[in-house]
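Structure record follows, encoded as structure tokens.
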Amino acid sequence: MTEPSYLTAVRESYDTVAADYVRLVKEPAELDPVSRAMLAAFAELARPLGPVADLGCGPGKVTAHLAGLGVPVFGVDVSPRMIELARAAYPELRFTVGSMTALEIGSGELGGILAYYTTHHTPPQWLPTVFAEFHRTLAPGGRLMLAGHVGNGEHLRPTRAYGDHPVSYESHLLPPDRLGELLQQAGLVVTTRVVQEPEGGAKRRAGTFLAYKPR
């Protein structure tokens, strides 16, 4: 199967910015109270259910945060450089290179999935494929937390990011209602939706969803 071109752009861009990304992106403990609370809620829900995949884990900061909350978690990212940095920083955890469009995880293997600020680089036409992979790999009763930038359908094409490095990825800021619909169409039941307006230096709205795969 030929890799979608957007994945190539995401991989190359995050390989390029990886070192400065680690330096510039906040530690989970520095996040706003609502974001920290949502991660804690997800950890409590997913912890007893089995392995949890942090998809789009980047350098592993949030993966390690979940591990510190007692979650049996591992990380997956499309960027080999990000995975190298994650392995170096957290050698006690497992990190692998992979894509959300075709996870190398068996059906029903996961007790939980975290997709934390990762799916906004996915073109809307590819989201059903990604969410179908979430559904496939989750065990019945398994939990999902999806968090990321939301908007009114904006399509952003930045040229530089994270230390002023050149990037070629794009961002798609879908309305929260549309993301909820796509999750439900994939067979997931949305239980919680939180939308945060920009404040404290944030530039965009953020949406967080908690969902589960029915038994």
Side-chain angles (χ1 to χ4, degrees), residues 1-11 34-35 38-39 41-46 49-58 62 66 73-78 98-157 169-197 204-215:
M1 178 180 176
T2 302
E3 178 178 88
S5 59
Y6 84 89
L7 277 182
T8 305
V10 170
R11 175 185 296 108
V34 173
S35 297
M38 294 300 289
L39 283 169
F42 171 71
E44 184 173 342
L45 290 167
L49 301 178
V52 171
D54 179 4
L55 302 180
C57 65
V62 179
L66 288 181
V73 63
F74 65 96
V76 180
D77 200 278
V78 74
S99 163
M100 289 184 289
T101 59
L103 293 166
E104 294 184 4
I105 299 170
S107 297
E109 282 192 6
L110 299 176
I113 289 173
L114 176 68
Y116 200 72
Y117 288 83
T118 57
T119 60
H120 62 279
H121 291 312
T122 305
Q125 65 269 26
W126 277 97
L127 283 175
T129 299
V130 170
F131 293 167
E133 278 292 88
F134 291 178
H135 183 274
R136 179 186 68 81
T137 55
L138 280 172
R143 297 284 179 161
L144 166 71
M145 177 173 165
L146 172 71
H149 304 298
V150 296
N152 296 308
E154 296 93 333
H155 183 188
L156 308 179
R157 300 177 178 86
Y169 57 57
E170 300 178 356
S171 293
H172 307 266
L173 309 187
L174 295 187
D177 286 346
R178 180 57 181 154
L179 284 170
E181 290 172 359
L182 290 170
L183 290 171
Q184 291 173 338
Q185 289 170 10
L188 299 164
V189 177
V190 176
T191 61
T192 305
R193 186 183 76 174
V194 174
V195 177
Q196 296 171 259
E197 299 299 330
R204 305 185 186 100
R205 298 165 71 203
T208 304
F209 298 81
L210 295 176
Y212 70 92
K213 178 177 175 176
R215 295 184 184 277

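- Taking all atoms of both residues into account, the shortest heavy-atom contact from Gly187 to Pro214 is O-CD, 3.2 Å.
- Taking each heavy atom of Leu7 and Ser99 in turn, the nearest pair found is CD1-OG, 3.2 Å.
- At least one side-chain heavy atom of Leu39 sits under 4.5 Å from a side-chain heavy atom of Tyr116.
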Check: Yes or no on side chain to side chain contact (heavy atoms under 4.5 Å, CB included) for Phe74 and Leu110, after CA distance, side-chain angles and deciding distance?
Finding: CA-CA 11 Å; Phe74 65 96; Leu110 299 176; 3.9 Å; yes

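- Under the 4.5 Å side-chain criterion, counting only non-hydrogen atoms from C-beta, Cys57 is not in contact with Val62.
- What you find for Tyr117 and Ala206 is that their closest heavy atoms are OH-CB, 3.2 Å.
- Using a 4.5 Å heavy-atom cutoff, the side chains of Met100 and Phe134 are in contact.
- Residues Leu146 and Phe131 are in side-chain contact: their nearest non-hydrogen atoms beyond the backbone lie under 4.5 Å apart.
- The closest side-chain heavy-atom distance from Leu55 to Val130 is not below 4.5 Å.
- A heavy-atom distance below 4.5 Å is found between the side chains of Pro176 and Arg205.
- Between Glu104 atom CD and Thr137 atom OG1 the span is 12.5 Å, to the nearest 0.5 Å.
- Salt bridge annotation for Glu154-Arg204: absent, with no cationic side-chain nitrogen under 4.0 angstrom from a carboxylate oxygen.
- Contact of the Leu210 side chain with the Met38 side chain is registered, since non-hydrogen atoms from C-beta on lie closer than 4.5 Å.
- Residue Phe209 holds its CZ atom at 5.0 Å from CG of Leu179, rounded to the nearest 0.5 Å.
- Nearest heavy atoms, Met145 versus Thr208: CE-CG2, 3.7 Å.
- Counting non-hydrogen atoms of other residues, nucleotides and ligands closer than 6.0 Å to CD of Gln185 gives a total above 12.
- Looking at every heavy atom in both residues, Ala46 comes nearest to Gly112 through CB-CA, 4.5 Å.
- When each of Leu144, Leu182, Ile113 is checked for a side chain to side chain contact (heavy atoms under 4.5 Å, CB included) with Leu188, only Leu144 meets the rule.
- Among the candidates Thr122, Asp77, Val78, Thr118, the single residue satisfying the side chain to side chain contact (heavy atoms under 4.5 Å, CB included) test with Val10 is Val78.
- Summarising the geometry, atom CG belonging to Leu138 is positioned 11.5 Å from atom CD belonging to Glu109; distances are rounded to the nearest 0.5 Å.
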Next item on the list: Could you go through the side chain to side chain contact (heavy atoms under 4.5 Å, CB included) check for Leu45 and Tyr212 one step at a time?
Entry: CA-CA 10 Å; Leu45 290 167; Tyr212 70 92; over 6 Å; no

Next item on the list: Any chance you could lay out the side chain to side chain contact (heavy atoms under 4.5 Å, CB included) test for Leu114 and Val73, step after step, and finish with the verdict?
Entry: CA-CA 9 Å; Leu114 176 68; Val73 63; over 6 Å; no

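- Closest heavy-atom contact between Pro124 and Leu174: CG-CD2, 3.9 Å.
- Although no hydrogens or angles enter the test, the distance criterion places a donor-acceptor pair under 3.5 Å between the side chain of Lys213 and the main chain of His135.
- Side-chain N or O atoms of Arg136 include one that pairs as donor or acceptor with a backbone N or O of Ile105 at under 3.5 Å.
- Around the CD atom of Gln125, the shell of radius 6.0 Å holds more than 12 heavy atoms that belong to other residues, nucleotides or ligands.
- The aromatic ring centroids of His172 and His120 lie 6.0 Å or more from each other.
- Remark: the backbone N or O of Leu103 is paired with a side-chain donor or acceptor of Glu133 at under 3.5 angstrom.
- Tyr6 is not listed as a side-chain neighbour of Glu170, based on a closest heavy-atom distance of 4.5 Å or more.
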